[in-house]
J.: 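The structure's right below; bear with me while I get my questions together.
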Protein chains: 2
Amino acid sequence: MARPKPDRTALLDAMADHVLVHGLNTASLRPLAQAAETSDRMLIYHFGSKEGLVGELLGHLAARMAAGLASALPAARAVTVAGAVGEVVDLMRTSAFQPYARVWLDIVSAAGQGGQVQRAAGQQVIDGFLDFITGRLPEDTPAPEETARLALTLIEGVMVMDAIGHRDTADRAIAALAPQASRGD
Amino acid sequence: MARPKPDRTALLDAMADHVLVHGLNTASLRPLAQAAETSDRMLIYHFGSKEGLVGELLGHLAARMAAGLASALPAARAVTVAGAVGEVVDLMRTSAFQPYARVWLDIVSAAGQGGQVQRAAGQQVIDGFLDFITGRLPEDTPAPEETARLALTLIEGVMVMDAIGHRDTADRAIAALAPQASRGD
DNA sequence: CAAATAATGTAGCAACCGCTACGTAACATG
DNA sequence: CATGTTACGTAGCGGTTGCTACATTATTTG
C-alpha cells in the first residue's frame with residue numbers, strides 16, 4: 001500500500017540542518033542519523049542507500065534555499081547589473097545563507113570529481129538561480145539571458161573568493177563591473 | 001644534520017600526480033604512499049602528519065601549476081578583457097589543466113569548511129593568478145588592478161559552471177562581457 | 001672496528017565507514 | 001485469533017582511516 005513516506009521530510013529537514021553546519025562531503029550516516037534522531041539502519045531503510053539519501057537531501061536543500069532566497073529578497077529590479085550582483089552577494093554573505101554557500105562549494109567539488117547526484121542537483125540549483133537573477137536585472141537590460149549568466153557566473157566566482165578569504169578581491173571585482181555594464185544608459 | 005630530506009620533491013611530484021587524477025579531499029595515506037612507491041609509515045615520517053603532508057603538497061601543486069601556466073601561455077597582451085578571460089578559460093579547459101581545476105575546487109571546498117592549510121594555499125594561488133592575468137590585459141586597460149580581479153573572479157565562476165556541467169552558461173557569460181569592447185576575437 | 005644515529009619495514013591499534021543479516025515488535029486484515 | 005506486512009532495533013561484517021610502537025637495516029662518526 002504505499003504509504004512510503006511518513007515523515008521523510010522531517011528527517012530531511014533535520015539532516016539538512018546538520019549538513020549546513022558540518023558540511024556535505026564529510027557527512028557520514030551515523031552522525032546524520034543522530035541529527036535526525038534515528039539510526040543509520042533506518043536511514044538506509046528509508047532512502048535505500050547513502051547515494052539515494054544524498055540525492056534527496058540535495059533536492060531538499062535546493063528547495064529550502066530557493067524558498068529562502070525568494071522570501072529574503074522579494075522580487076525587485078535593481079538599477080544596475082552590478083547593483084543586482086551586489087545585492088545577491090550581500091544576501092549570500094548573510095549568516096543565514098553562508099552555510100548554503102559552503103554546502104554549494106561541497107556540491108561543486110563533488111560534481112567535479114564525477115558525482116552524478118551532485119551534478120544533477122547543481123544544475124537544478126543553477127537553473128533556479130538564473131531565473132531568480134533574471135527577474136532582478138534592470139528592466140531595460142539588453143540581452144537579459146546572457147547578462148543573467150554573466151551575473152551568476154560572477155557571483156559563483158565571488159563565492160569562491162569568499163571561501164578562501166579573498167573577499168576584498170570579490171568586492172573589487174564587482175566594483176570593476178559597474179563601469180562596464182552601465183554602457184547604454 | 002647530514003641528510004634530512006633526500007627526495008621529498010620526488011615524493012611530492014608522485015603524490016601530486018595521484019591527487020590530480022583522484023582528487024584531494026578523498027585522498028588517503030595509503031594510496032598516496034602507493035603512488036609515491038613508499039609506505040604510509042614513511043609519509044608520516046617525512047611530513048610529520050597528514051596535515052603537514054597536505055600543506056606541502058598544496059604548495060607543490062601551486063608551484064607546478066604556476067610554472068605550467070607561464071609556459072603554456074607565454075606573456076602576451078590580449079586585445080580585449082573578454083578576450084583575455086577567454087584565453088585563460090580555454091587553457092584551463094585543456095586536458096592538461098582540467099585536473100588542476102578539479103583540485104582547485106577541492107581546495108576551495110575544504111577552505112570553506114575551515115581548512116587552514118587549504119585557505120593559505122588558495123590565497124597563494126589567487127595571488128599568483130592575479131599577477132598572471134594582470135600581465136595579459138590589454139595595454140590601455142583602465143584600472144588594471146580592479147579589472148584583473150573582475151577577470152579572475154569571472155574565471156573562478158566559469159570553473160564552477162564547468163564542474164557542474166553548465167559550460168554553455170559560462171560561455172554565454174563571457175560573451176556577455178564582450179559587447180562593449182571592439183569585436184573580432 | 002665499534003658505537004651512535006638516521007632511515008625504513010612490519011604489524012597492528014582503535015576508530016570509523018557503508019551496509020546487512022537477523023530478530024522483534026506493531027498493526028491491519030482474514 | 002492467525003497471518004502477513006510494515007517499522008524498527010541489535011549486532012556485526014569486512015573494509016578503510018590516520019597513526020604508532022617496535023624491530024631492523026643503512027650510514028655516519030669517534
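No experiment lies behind these values; they were computed from the predicted model shown. The chains referred to below are lettered A, B, ... by the order of the sequence lines, with proteins before strands, and numbering in each begins at 1.
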J.: How many Å lie between CG on B/Leu32 and P on D/dC19, as a whole number?
T.: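 That distance rounds to 12 Å.
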J.: Just the rounded figure in Å: distance from C1' of D/dT17 to NZ of B/Lys50.
T.: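 Interatomic distance, NZ of B/Lys50 to C1' of D/dT17: 8 Å.
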J.: In whole Å, I'd like the distance from the CG atom of B/Leu11 to the C1' atom of C/dA7.
T.: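 Atom CG in B/Leu11 sits about 13 Å away from atom C1' in C/dA7.
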J.: Inspect the contact between A/Arg102 and A/Asp162 and indicate whether a charged nitrogen and a carboxylate oxygen are less than 4.0 angstrom apart.
T.: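 Between A/Arg102 and A/Asp162 there is no salt bridge, as every charged N stays at least 4.0 Å from the carboxylate O atoms.
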J.: Run the salt-bridge test on A/Arg136 and A/Asp131 with the 4.0 Å N-O cut-off and return the result as yes or no.
T.: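 Salt bridge between A/Arg136 and A/Asp131, a charged N being under 4.0 Å from a carboxylate O: no.
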J.: Does B/Asp168 pair with A/Arg149 as a salt bridge, N-O distance under 4.0 Å?
T.: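 Salt bridge between B/Asp168 and A/Arg149, a charged N being under 4.0 Å from a carboxylate O: no.
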J.: Using a heavy-atom cut-off of under 4.0 Å over every strand shown, decide if B/Ala27 touches base, sugar-phosphate, or nothing.
T.: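 Counting heavy atoms under 4.0 Å across all strands, the contact made by B/Ala27 is with sugar-phosphate only.
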J.: Reading DNA chain D from 5' onward, which residue's closest nucleotide shows up sooner: B/Arg41 or A/Glu37?
T.: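 Of the two residues, A/Glu37 wins.
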J.: May I have the distance from B/Arg30 (atom CZ) to C/dA11 (atom P), rounded to whole angstrom?
T.: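 Going from B/Arg30 (CZ) to C/dA11 (P), I get 14 Å.
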J.: Return the value, rounded to whole Å, for the distance between atom CG of A/Leu43 and atom C1' of C/dT20.
T.: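 Computing the A/Leu43:CG to C/dT20:C1' distance gives 15 Å.
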J.: Please tell me if B/His46 has a side-chain N or O lying less than 4.0 Å from either OP1 or OP2 of C/dT8.
T.: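 Yes, because at least one side-chain N or O of B/His46 sits under 4.0 Å from OP1 or OP2 of C/dT8.
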J.: In whole angstrom, give the distance that lies between atom CD of B/Glu51 and atom C1' of D/dC19.
T.: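 Spelled out: CD on B/Glu51 to C1' on D/dC19 is 14 Å.
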J.: Classify the ring geometry of A/Phe132 against A/Phe129: parallel below 30°, tilted from 30° to 60°, perpendicular beyond 60°.
T.: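 It falls in the perpendicular class, over 60°.
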J.: Atom CE of B/Met42 and atom P of C/dT10: how far apart are they, to the nearest Å?
T.: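 Whole-Å distance recorded here is 11 Å.
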J.: When you measure from the side chain of B/Thr134 to the backbone of B/Leu130, do you find a donor-acceptor pair of N or O atoms at a distance under 3.5 Å?
T.: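 Side chain of B/Thr134 to backbone of B/Leu130: a pair is present.
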J.: How close or far is atom C1' of C/dA7 from atom CZ of B/Phe47, stated in whole angstroms?
T.: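 Answer to the nearest Å: 14 Å.
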J.: Just compare D/dC19, D/dT17, C/dC17 and give me whichever is closest to any side-chain atom of B/Leu29.
T.: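 When the side chain of B/Leu29 is considered, D/dC19 is the closest of D/dC19, D/dT17, C/dC17.
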J.: Return whichever of A/Ile44 or B/Thr38 has its heavy-atom-nearest nucleotide of DNA chain C closer to the 5' end.
T.: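 It is B/Thr38, whose closest nucleotide lies nearer the 5' terminus.
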J.: B/Tyr45 side chain: which of C/dA7, C/dC19, D/dC19 is closest?
T.: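 Among the listed nucleotides, the one closest to the side chain of B/Tyr45 is C/dA7.
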J.: What nucleotide among C/dG18, D/dC8, C/dC19 has an atom nearest to a side-chain atom of A/Ser28?
T.: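 Closest of the options to the side chain of A/Ser28: C/dG18.
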